[in-house]
Undergrad: 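Structure below; questions to follow.
This is a predicted model, so every value here is computed, not measured. Counting starts at 1 for both ligands and their atoms, following the listed order. Excluded from the calculations below are hydrogen atoms, water molecules and symmetry mates; all remaining heavy atoms, backbone and side chain alike, are included.
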Amino acid sequence: MITKSTTLPTEPAAIDAPSTPKLPIYLDNHATTPMDPRVLGEMLPYFGEKFGNAASHSHSFGWAADQAVETARQQIAKLIGANPGEIIFTSGATESDNLAIKGVAESCRSKGNHLITVTTEHKAVLDSCERLESQGFRVTYLSVQKDGLICLEDLKHAIDPGTILVTIMAANNEIGVIQPIEEIGAICRDRGVIFHSDATQAVGKIPIDVRRQNIDLLSISGHKMYGPKGIGALYVRKDPKLHIPAMIDGGGHEHGMRSGTLNVPGIVGLGKACAIAQEEMAQESQRIKALRERLRNSLTSALSNTYINGSLEHRLAGNLNVSFAGTDGESLMLSVNEVAVSSGSACSSAGTDSSHVLKAIGLSDELARSSIRFGLGRFTTEAEVDYVANRMIEAVQSLRELSPM
Ligand SMILES: *Cc1c(COP(=O)(O)O)cnc(C)c1O
């Protein structure tokens, strides 16, 4: 009989000491994810010998690149229940959001000038809407309930005869809350309004099916799902056909919706990332959720006045957003600086305002600034979670002793 010992790694684990994980620890997977080594492996040839331009139709270099792009298009489409011809490559979700929102505004201007979104959206969506407001469009910003979810009745009431677009994210990047996308899609379809969803945090983490969920436009980003940075996609529904006017004109690539020579290595990486997610998402989210719950239980059982922000039920497996009342998030991060997390006071690279998402769910500035976002992911281990829990508990206790409230 073959025993496990024949395949043991050469470094045996220490017997007594709880295994200390390698430092620093990365728990900021909503900001970006490390690239999966399998994704990198798939991409490498396209930086080297397979350098062809996917638009070169007259030789084998171009054909090989084009074939790789089409394979990726299939892998992406499959993950979200679309057809490959409905996938447009972009530089990331910021571009996809801009293209979708400004594109619909431009193409539907004769039908109406009203858009609906939510106060907790990503800046890529909010700032695009704001730009349109400055050009004469009307935008309704739906508020969210305490749990971070929108109220469907509010959405129904907000739709008027001039409404051309509803843009609501699938999962939030700060509090991980998952909106009722299928119900939103049904309402939009029923009222004849185009529905865009920024699904950057959702694709590859929870099941997305653009047909069943009646999604007309959907934004995807490579680097939030273990793929490379600087590549993304926009799903644009074809049946019935939706055409989005280009923001970048040129050679007419991507059905004229987004010109520019395709980023073949990035596209190959995004495709591979989708293929891996397709295979592993169900199991992976269970594993990550168990780790997230382990972290939550450790923190909340050791510390009083500690609050979880956003719905626990409708939430990404890897997200935990916690307010540690009586502490300051920035100071907490400084005292546990071997752990990479985010705080509710540093959510935009531009400012030090407290998070618009935490304020939208009703937190005071003070409580928002006391919060930490933990983002667990594919490569997070139990030892890491235990280490982080212990260090955070120590840090919160000593900060509270320093400044008793
Ligand atoms: C990261 C993120 C974006 C921006 O994606 P990029 O690919 O970095 O441009 C947009 N929306 C959400 C919800 C995100 O988390």
Undergrad: With nothing but distance in play, are any N or O atoms of Gln201 less than 3.5 Å from an N or O of ligand 1?
TA: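 Right, the criterion is met.
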
Undergrad: Would you say the side-chain atoms of Thr163 and Asp160 include a donor-acceptor pair closer than 3.5 Å?
TA: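 Yes, Asp160 and Thr163 have a side-chain donor paired with an acceptor closer than 3.5 Å.
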
Undergrad: Return the residue, atom name and 0.1 Å-rounded distance of the protein heavy atom closest to atom 1 (C) of ligand 1.
TA: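 Answer, as residue, atom name and distance: Lys224 NZ, 1.3 Å.
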
Undergrad: Indicate the ring-plane relationship of Phe374 and Phe324, choosing parallel, tilted or perpendicular according to the 30° and 60° boundaries.
TA: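 The rings of Phe374 and Phe324 stand perpendicular, inter-plane angle above 60°.
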
Undergrad: Just heavy atoms, cut-off under 4.0 Å: does Ala93 contact ligand 1 by side chain, backbone, both, or neither?
TA: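 Ala93 to ligand 1: contacts from backbone and side chain alike.
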
Undergrad: Answer yes when Asp216 and Arg189 have at least one side-chain N-carboxylate O distance shorter than 4.0 Å, and no when they do not.
TA: yes

Undergrad: Identify the closest protein heavy atom to atom 8 (O) of ligand 1: which residue and atom is it, and at what distance?
TA: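 Checked against all protein heavy atoms, atom 8 (O) of ligand 1 sits closest to His223 NE2, 2.8 Å.
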
Undergrad: Does a salt bridge link Arg287 with Glu382, judged by any charged N lying under 4.0 Å from a carboxylate O?
TA: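 Not counted as a salt bridge, because no side-chain N and carboxylate O are separated by less than 4.0 Å.
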
Undergrad: Which atoms of ligand 1 sit under 4.0 Å from any heavy atom of Gly92?
TA: 7 (O)

Undergrad: Considering distance alone, does some N or O of Ser91 sit under 3.5 Å from an N or O of ligand 1?
TA: no

Undergrad: Verify whether the ring centers belonging to Phe51 and Tyr46 lie closer than 6.0 Å.
TA: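 Ring-ring flag for Phe51/Tyr46: false, centres at least 6.0 Å apart.
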
Undergrad: Against Leu358, only a single residue in Asn321, Thr120, Leu367 fulfils side-chain contact (heavy atoms from CB on, under 4.5 Å); can you say which?
TA: Asn321

Undergrad: Holding to side-chain contact (heavy atoms from CB on, under 4.5 Å), I want the full list of residues that pass it with Asn305, two or more places apart in sequence or in another chain.
TA: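 If we apply the side-chain contact (heavy atoms from CB on, under 4.5 Å) test to Asn305, skipping adjacent residues, the hits are Tyr307, Ala325, Arg400.
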
Undergrad: Using a cut-off of 6.0 Å, state whether more than 12 heavy atoms not belonging to Lys229 lie near its atom NZ.
TA: yes

Undergrad: Can you find an N or O of Glu95 that's nearer than 3.5 Å to an N or O of ligand 1?
TA: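 It does not: no N or O of Glu95 is found under 3.5 Å from an N or O of ligand 1.
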
Undergrad: Looking at Met169, which atoms of ligand 1 are within less than 4.0 Å of one of its heavy atoms?
TA: 13 (C)

Undergrad: Under 3.5 Å, is there a donor-acceptor pair between the Thr306 and Thr300 side chains?
TA: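 Side-chain D/A pair, Thr306 to Thr300: absent.
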
Undergrad: Counting non-hydrogen protein atoms only, what is the nearest one to atom 3 (C) of ligand 1? Give residue, atom name and distance.
TA: His122 NE2, 3.5 Å

Undergrad: Considering heavy atoms of the protein only, find what lies nearest to atom 11 (N) of ligand 1 and give residue, atom and distance to 0.1 Å.
TA: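 Atom 11 (N) of ligand 1 sits closest to the protein heavy atom Asp198 OD2, 2.6 Å.
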
Undergrad: What protein heavy atom sits nearest atom 7 (O) of ligand 1, and how far off is it?
TA: Ser221 OG, 2.6 Å

Undergrad: In the protein, which heavy atom is nearest to atom 4 (C) of ligand 1, and how far is it?
TA: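 Nearest protein contact, heavy atoms only, for atom 4 (C) of ligand 1 is Thr94 OG1, 3.4 Å.
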
Undergrad: Could you tell me whether Thr200 approaches ligand 1 through its side chain, its backbone, both or neither, with non-hydrogen atoms closer than 4.0 Å?
TA: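 Side chain only.
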
Undergrad: Heavy atom of Lys123 under 4.0 Å from ligand 1?
TA: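 It does not; every heavy atom stays at 4.0 Å or beyond.
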
